[in-house]
Protein chains: 2
Amino acid sequence: MKQLKNCISEQVHIDTFSLEKIVSSFKKVTLNKGDYFLKSGTLCKKMAFIESGYLRMFDIVDGKEITLWIGSSNMFITSVSSFVFQTHNFWNIQAITNADLWLLDREQHFELCKTQPKWLEFDNILLARSFALLERKMFQQLHTTAQQRFQSLLEEEPELFNRVPLQYIASMLGITPESLSRLRRTGI
Amino acid sequence: MKQLKNCISEQVHIDTFSLEKIVSSFKKVTLNKGDYFLKSGTLCKKMAFIESGYLRMFDIVDGKEITLWIGSSNMFITSVSSFVFQTHNFWNIQAITNADLWLLDREQHFELCKTQPKWLEFDNILLARSFALLERKMFQQLHTTAQQRFQSLLEEEPELFNRVPLQYIASMLGITPESLSRLRRTGI
DNA sequence: TAAATTTCTTAACATTTGTCAAGAGAAAAT
DNA sequence: ATTTTCTCTTGACAAATGTTAAGAAATTTA
């Protein structure tokens, strides 16, 4: 709860009362390793703040699971387009460790947008930041080698390599698990 | 002007009067091939609706220009994070053909957000759609070969290959111009 | 139109990454 | 604790893409 409050108040100026009002719309949920927050083919009706643990977002192509990204503590995760437009969702979001989440229901989200201007403001900032982050990630993918991407992920999120199956990290880097093994071994 | 109006009214229900009010905040500008809409190192103070022509968004790494994407008619283009947060911008946005644009000043944008709820709504939809699009593009980059990405771009935007220097397209696909040549020749 | 510049293609070769198959190691289930 | 299952690593080889250098083609400039 404290983490969620911090996450919001770091981005927008907000009084204690409004902040309380906002976070009281969230509901705490614990997922076990392997549990799904969201399954492909459904409608996404919630957004989640990750208090602890790791979740991966993936889709399946030709029978292979491709991980787009891995969310960790103090991040929000949802299927943006399905949550916003209620189009049918294709992402799977699964806990890859036990995880504590704070969930916000779609309807309560829109209610907050109307009644709590600060929530709308925060939501916009969140989306714009997420966009900018993804943009940089895409850009990196265009001009770096697997080697370089591995190195920078290792520097930016070293904990990931202890907590999360390497096959998911490989997928997120756009390479096979075998290639990641090779990179880890030497840097060759 | 008609195109801009269509683009907005396709996404949100809006009365003629409000729509007029919104589009009257835009200002028409014509860029010649090679002109810059935005330069790296500056603050981004405008967003642009492309009425006609092509613009590319790129950054320079190790002396090489890397094109993240190419915008064409009926799309919006800006440096999202710099426009929203007024952080220093690193993207270059350049016209690669003559281009007609409708520009919206940052201050007028925020003014519209306050006075025209429909503009705020449209802006949110625009951002969410852009995010979803980028997400899919990133996902594609993770699990496809250069070959497959070339094929799908050729199917989705065939005109691009006649209108835009191939080196920019190559860069956007994450490959060298030489590789694109190879792919174009045969499919080998 | 001719010259100059930029862009595109080609080919040989180098490097990176993928594929396959086997086995080692780790984690989960019993 | 043992078995079973899943995950990771390794090595040999194949395929895809990058690099370099040269020249052809197209475009721009004079």
Side-chain angles (χ1 to χ4, degrees), chain A residues 31-35 53-54 56 58 60-67 70 92 94-99 140-154 158-188, chain B residues 31-35 53-54 56 58 60-67 70 94-99 140-154 158 160-188:
Chain A
L31 294 187
N32 291 318
K33 179 174 176 175
D35 289 350
Y54 292 88
R56 71 177 176 126
F58 69 98
I60 299 174
V61 181
D62 301 332
K64 281 183 196 161
E65 296 180 353
I66 311 294
T67 297
I70 296 173
N92 295 281
Q94 183 189 32
I96 45 184
T97 62
N98 294 344
Q140 176 180 257
Q141 194 72 24
L142 290 182
H143 78 276
T144 58
T145 62
Q147 161 84 278
Q148 293 169 309
R149 297 195 301 276
F150 162 67
Q151 288 293 350
S152 59
L153 187 61
L154 192 58
E159 341 74 55
L160 217 60
F161 290 82
N162 307 320
R163 305 305 209 81
V164 161
L166 294 171
Q167 54 183 318
Y168 303 149
I169 296 178
S171 175
M172 197 171 56
L173 291 171
I175 59 179
T176 60
E178 293 91 338
S179 290
L180 180 56
S181 269
R182 202 158 26 197
L183 294 175
R184 269 158 55 84
R185 185 147 60 103
T186 64
I188 281 173
Chain B
L31 294 187
N32 292 317
K33 179 174 176 176
D35 289 351
Y54 291 89
R56 70 179 176 125
F58 70 99
I60 299 174
V61 181
D62 301 331
K64 282 183 196 163
E65 297 179 352
I66 312 293
T67 297
I70 295 174
Q94 183 189 31
I96 47 184
T97 62
N98 293 345
Q140 176 180 257
Q141 194 72 25
L142 290 182
H143 77 277
T144 58
T145 62
Q147 162 84 277
Q148 294 170 309
R149 298 195 300 275
F150 163 67
Q151 287 293 349
S152 59
L153 187 62
L154 192 58
L160 215 61
F161 290 81
N162 306 319
R163 305 304 209 79
V164 160
L166 293 171
Q167 54 181 320
Y168 302 149
I169 296 178
S171 174
M172 196 172 57
L173 291 170
I175 59 179
T176 60
E178 292 89 342
S179 291
L180 181 56
S181 270
R182 201 157 28 198
L183 294 174
R184 270 158 55 83
R185 184 146 62 103
T186 64
I188 283 172

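Residue numbers begin at 1 in each chain, while the letters A, B, ... track the order of the sequences.
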Separation of D62(A) atom CG from dG18(C) atom C1', in whole Å?
15 Å

Rounding to an integer number of Å, can you tell me how far I66(A) CD1 sits from dG18(C) P?
11 Å

Please tell me whether R184(A) and S181(A) have a donor and an acceptor in their side chains that are separated by less than 3.5 angstrom.
no

Within 45° cone of Y168(A) ring axis and under 6.0 Å: R56(A) NZ or CZ:
yes

For atom CG of L180(B) and atom P of dT9(C), their distance in whole Å
7 Å

Side-chain donor-acceptor pair under 3.5 Å between Q140(A) and S152(A), yes or no?
yes

Taken to the nearest whole Å, CZ/R184(B) to P/dT7(C) is 15 Å

Is there a donor-acceptor pair closer than 3.5 Å between any side-chain N or O of N98(B) and the backbone N or O of K33(B)?
yes

Summary of protein contacts for nucleotides 16-30 of chain D, nucleotide by nucleotide, where a base hit scores B, a sugar-phosphate-only hit scores S (4.0 Å, heavy atoms):
-BBBB-------S--

Look at the side chain of T97(A) and the backbone N and O of Y54(A), then say whether any donor-acceptor pair between them is shorter than 3.5 Å.
yes

Nearest to the side chain of L166(B), heavy atoms from C-beta on, is which of dT9(D), dT9(C), dT10(D)?
dT9(C)

Here the distance between atom P of dA26(C) and atom CZ of F161(A), to the nearest Å, is 18 Å

Grab the CZ-C1' distance between R163(A) and dA27(C) for me, whole Å please.
16 Å

Side chain of Q94(B), backbone of D35(B): donor and acceptor closer than 3.5 Å?
no

To the nearest Å, how far apart are L142(B) CG and dG18(C) P?
11 Å

